[in-house]
Amino acid sequence: MYFLMRSLPMDINEINDQKARRKEELEFLEKIGINPYPYEFNKTHSAIEIISQFRDEEPEKFSKVFVAGRIMTFRRMGKATFCDIQDETGRIQIYFRKNDLGDSYDLLKYLDIGDIIGVEGFVFRTRMGEITVHTQRYEILCKSLTPIPVPKVEEDESGNKIVHDQFTDKEQRYRKRYVDLIVNPDVREIFRKRAKIISFIRNYFDSRGWLEVETPILQPIYGGATARPFITHHNALDIDLYLRIADELYLKRLIVGGFEGVYEISKNFRNEGMDKMHNPEFTALEIYVAYKDYFWVMELVEDLLNSLVTYLYGTEKIVYDNVEIDFKKPFARRKMFDLFKEYIGEDLKNKSEQELLEIGKRLELEFPENASKAKILDEIFSEIVQPNLIQPTFVIDYPIEMSPLAKKHRSEEGLVERFELFVNGFEIANAFSELNDPRDQRSRFEEQARLRAKGDEEAMVIDEDFLNALEVGMPPTGGLGIGIDRLVMLLTNQKSIRDVILFPQMKPENQ
RNA sequence: GACCCUGUAGCUCAGGGGUAGAGCACCUGACUUUUAAUCAGGGGGUCGCAGGUUCGAUUCCUGCCAGGGUCACCA
């Protein structure tokens with residue numbers, strides 16, 4: 001017997017007394033003929049509609065409304081009860097009175113915080129001045145069996161909101177995002193902004209006639225970025241496939257195919273570390289437009305971000321982490337090697353791998369063994385220069401070793417026509433005049449293959465079909481990538497990528 | 001992957017080698033315009049998991065698990 005007991009799943013929640021009590025309430029409601037999970041409710045008003053509609057005009061006749069939402073607070077006072085219900089738009093106070101409701105008033109005691117109800121009533125203003133729905137009839141729309149955290153909101157004299165017992169445990173918030181969304185209204189706001197940002201970008205591109213496309217997530221050869229991929233397996237074909245690390249090479253094939261502007265909002269996957277700037281799956285935007293170069297793309301990015309910020313906030317300025325950031329056009333444009341000169345006091349152009357390594361070490365940086373020239377420059381840049389780039393700054397003209405898919409600079413030896421946009425030290429955008437000379441592309445791939453042979457697991461692999469596409473011929477093309485998650489972080493003042501991804505990757509909980 | 005911090009009630013947290021604490025939530029009672037409602041009473045915990053030291057561990061030690069942070073790799 002003892003062993004039997006011990007071998008039963010002893011889920012702590014199963015023996016939770018609050019859960020048990022709610023289950024009893026639910027069974028009681030069913031016994032007296034009430035369906036605690038009915039099929040529909042015809043809402044006429046949202047919480048915010050009621051408040052905005054009745055705030056200014058005090059209606060002579062009380063107006064009838066049908067509202068529905070989740071019960072967030074209860075104030076029971078014997079023969080009268082107040083509660084706040086919450087719908088997608090906000091909260092509205094509901095008033096119940098024994099005189100009006102009779103027997104159904106007594107059933108209120110079988111309702112709990114977390115239940116969802118529908119209310120038919122008229123709107124009035126209480127003595128304390130709060131716009132409230134006076135219930136004439138109500139019905140339960142969903143009985144909640146698991147209690148949710150109950151933060152309480154207090155308003156001080158100056159109208160500031162103080163939240164008591166806020167649901168703050170980050171692990172629980174990310175794992176149980178549905179609870180987080182219910183009890184932390186700011187979280188809903190972030191994801192609404194995220195949706196607005198994405199739809200703004202989509203409209204911006206669509207209205208210019210560029211085509212939204214979908215390219216493979218499962219790829220036999222991964223490419224378009226330097227990163228380690230996730231590997232999966234297709235059973236019927238019995239081949240390994242890679243989850244895409246970027247969609248660049250497919251989008252360029254579409255430019256070869258004759259589309260003159262294509263873009264994709266793409267979930268990419270990189271099998272690397274996670275921290276507040278990296279989630280293993282993330283969203284990137286890439287766009288390619290035929291007959292354009294990177295100067296044109298710079299103007300596109302300036303205008304896109306400027307109009308996006310203006311659309312969201314009605315101004316060109318935002319505040320991130322108490323720093324004001326101004327998206328006024330044009331953004332600063334700085335050549336990469338000029339920035340090196342400014343921040344290191346030395347011209348790194350034409351330096352050998354060995355010389356760069358020595359400079360890096362003097363700056364107290366550490367490098368992996370066999371670090372390539374590209375890696376060393378990248379390291380020096382991201383450690384020394386990048387943190388200083390707070391206001392929107394285009395860094396232009398990268399060394400060729402760092403950019404195997406970008407076209408050679410039209411006038412400067414050893415450089416490519418590439419820019420990255422930095423804001424608040426974040427890399428927001430990456431763009432080039434796209435390399436379309438198949439002979440040059442092949443030799444760049446071959447150089448990547450050499451790096452790979454030397455042990456660089458992130459170096460690119462040769463994609464013969466992509467080279468074939470370039471041989472068919474791609475027009476001059478400007479290409480751009482934007483990290484959507486980081487852009488959302490910047491525009492919503494969030495410090496961690498997990499706060500702008502609804503379901504961030506977490507280790508499974510130990511069962 | 002390395003280091004630091006954290007894990008106690010549904011939530012937010014305090015405590016500490018000898019039967020586990022608060023506020024809110026929950027239950028009972030009072031209260032027909034309250035709003036962090038109030039007042040009176042009450043229930044609720046293998047103190048993340050496993051092992052060790054000890055007469056005795058939730059507390060001390062070790063390992064593990066999970067989370068957060070810093071660093072490394074990357075966007």
Side-chain angles (χ1 to χ4, degrees), chain A residues 6 10 12-13 15-22 24-25 72-84 91 93-101 105 109 112-114 124-130 132 134 146-156 161-175 179 183 225-228 245-246 268-285 365-368 375 378-379 382-383 420 426-430 456-458 481-487 489 495-498 504 506-511:
Chain A
R6 293 286 295 193
M10 292 294 280
I12 190 80
N13 290 322
I15 52 175
N16 178 316
D17 64 325
Q18 293 195 38
K19 267 183 104 157
R21 187 188 52 71
R22 284 170 180 234
E24 281 166 23
E25 288 172 349
M72 300 304 289
T73 66
F74 257 122
R75 291 177 291 284
R76 306 179 197 253
M77 302 179 307
K79 296 188 179 63
T81 292
F82 288 88
C83 76
D84 296 332
R91 291 188 184 191
Q93 179 167 261
I94 307 293
Y95 176 53
F96 302 91
R97 206 167 63 159
K98 169 92 174 167
N99 280 9
D100 305 316
L101 296 168
Y105 184 86
K109 72 171 167 222
D112 288 289
I113 289 174
F124 76 112
R125 200 182 276 270
T126 65
R127 255 178 231 161
M128 300 302 287
E130 181 155 351
T132 301
H134 187 132
T146 295
I148 53 172
V150 191
K152 294 209 164 190
V153 184
E154 181 186 13
E155 243 174 75
D156 67 10
K161 288 196 170 155
I162 305 163
V163 181
H164 300 270
D165 299 324
Q166 194 160 18
F167 181 52
T168 54
D169 183 320
K170 289 212 171 199
E171 176 177 359
Q172 290 305 315
R173 287 185 47 215
Y174 297 143
R175 288 192 195 281
V179 174
V183 303
T226 51
R228 278 185 290 174
I245 59 172
N268 295 343
F269 306 84
R270 297 189 187 174
N271 206 342
E272 282 160 356
M274 305 160 54
D275 59 34
K276 64 182 176 178
M277 297 299 280
H278 301 84
N279 195 61
E281 58 181 288
F282 64 100
T283 304
L285 161 79
L365 301 176
E366 285 172 25
F367 300 94
K375 270 246 185 308
D378 191 34
E379 180 75 9
S382 50
E383 288 301 311
E420 292 189 294
F426 298 179
E427 183 196 328
I428 293 291
N430 182 24
D456 184 347
E457 287 183 68
E458 287 165 2
I482 291 181
I484 294 293
D485 307 280
R486 289 178 182 182
L487 180 65
M489 284 172 69
K495 310 297 176 293
S496 168
I497 197 167
R498 293 184 160 179
M506 304 281 278
K507 263 197 197 180
E509 264 177 310
N510 213 25
Q511 293 298 331

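First the proteins, then the strands, lettered A, B, ... as listed; each starts at 1.
- Asn271(A) comes within contact range of no nucleotide atom at all, as no heavy-atom separation falls under 4.0 Å.
- Checking rC26(B), rU34(B), rC73(B) against the side-chain heavy atoms of Gln18(A) singles out rC26(B) as nearest.
- Glu457(A) comes within 4.0 angstrom of nothing in the nucleic acid, heavy atoms only.
- Rounded to whole Å, atom P of rA36(B) lies 14 Å from atom CD1 of Ile113(A).
- In secondary-structure terms, RNA chain B builds stems of at least 3 consecutive Watson-Crick or G-U pairs, each pair having both distances under 3.5 Å, at B:1-7 with B:65-71, B:10-13 with B:21-24, B:26-30 with B:38-42, B:48-52 with B:60-64.
- When heavy atoms are screened at a 4.0 angstrom cut-off, Tyr174(A) is found touching the sugar-phosphate backbone but no base atom.
- The interatomic distance linking Tyr95(A) (OH) with rU34(B) (P) rounds to 9 Å, in whole Å.
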Polar-atom pairs under 3.5 Å, protein N or O versus N or O of nucleotides 37-40 of chain B: list them with distances, or write none.
unit_1  : atom_1 : unit_2    : atom_2 : d
rA37(B) : OP1    : Lys152(A) : NZ     : 2.5
rA37(B) : OP2    : Arg75(A)  : NH1    : 3.2
rA37(B) : N6     : Arg76(A)  : O      : 2.9

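- Taking atom P in both rG44(B) and rU54(B), the straight-line distance is 35 Å, to the nearest Å.
- Protein atom CD of Glu24(A) is 14 Å distant from nucleotide atom C1' of rG43(B), rounded to whole Å.
- Between the side chains of Thr226(A) and Glu458(A), not a single donor N or O lies within less than 3.5 Å of an accepting N or O.
- Among the protein residues, Thr168(A) comes within range of the sugar-phosphate backbone only, with heavy atoms under 4.0 Å from sugar or phosphate atoms but none that close to a base.
- Counting to the nearest Å, the P atom of rU12(B) and the NZ atom of Lys170(A) are 13 Å from each other.
- Nucleic acid contact class of Gly483(A) (heavy atoms, under 4.0 Å, all strands): none.
- Using P as the reference atom, rU38(B) and rG21(B) are 25 Å apart when rounded to the nearest Å.
- Here Lys109(A) does not reach the OP1 or OP2 of rC27(B): none of its side-chain N or O atoms lies under 4.0 Å away.
- Evaluation of the side-chain contact (heavy atoms from CB on, under 4.5 Å) rule for Glu25(A) yields Arg21(A), Arg22(A), Tyr110(A), Asp112(A), Lys143(A) as partners, not counting sequence neighbours.
- Taking atom C1' on both nucleotides, rC64(B) is separated from rU6(B) by 16 Å, rounded to a whole Å.
- Atom C1' of nucleotide rC31(B) and atom NZ of Lys79(A) are separated by 8 Å, given to the nearest angstrom.
- When heavy atoms are screened at a 4.0 angstrom cut-off, Asp169(A) is found touching the sugar-phosphate backbone but no base atom.
- Lys98(A) has its NZ atom 15 Å from the C1' atom of rA30(B), to the nearest Å.
- Which of rU35(B), rC27(B), rG67(B) sits closest to the side chain of Arg21(A) comes down to rC27(B).
- Residue Glu130(A) has its side chain nearest to rU35(B) when only rA66(B), rU70(B), rU35(B) are considered.
- Applying the ring pair (Phe, Tyr, Trp, His ring centres under 6.0 Å) rule to Phe82(A) yields the partners Tyr95(A); only residues at least two apart in sequence or on another chain are considered.
- Both geometric conditions, a ring-centre gap below 5.5 Å and a plane tilt below 30°, are fulfilled for His164(A) over the base of rA36(B).
- Among the nucleotides rC73(B), rC11(B), rA36(B), the one closest to the side chain of Glu154(A) is rA36(B).
- Of the listed nucleotides (rC11(B), rU34(B), rC27(B)), rC11(B) has the atom at the smallest distance from the side chain of Phe167(A).
- The phosphate of rU33(B) (OP1 or OP2) has no side-chain N or O of Arg97(A) nearer than 4.0 angstrom.
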Strictly under 3.5 Å: I want the nitrogen or oxygen pairs between protein and nucleotides 1-7 of chain B, one per line.
none

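- Taking Asp165(A) as the reference, nothing meets the salt bridge (charged side-chain N to carboxylate O under 4.0 Å, His left out) condition, with sequence neighbours excluded.
- Asp165(A) places its CG atom 12 Å from the P atom of rC26(B), with the value rounded to the nearest Å.
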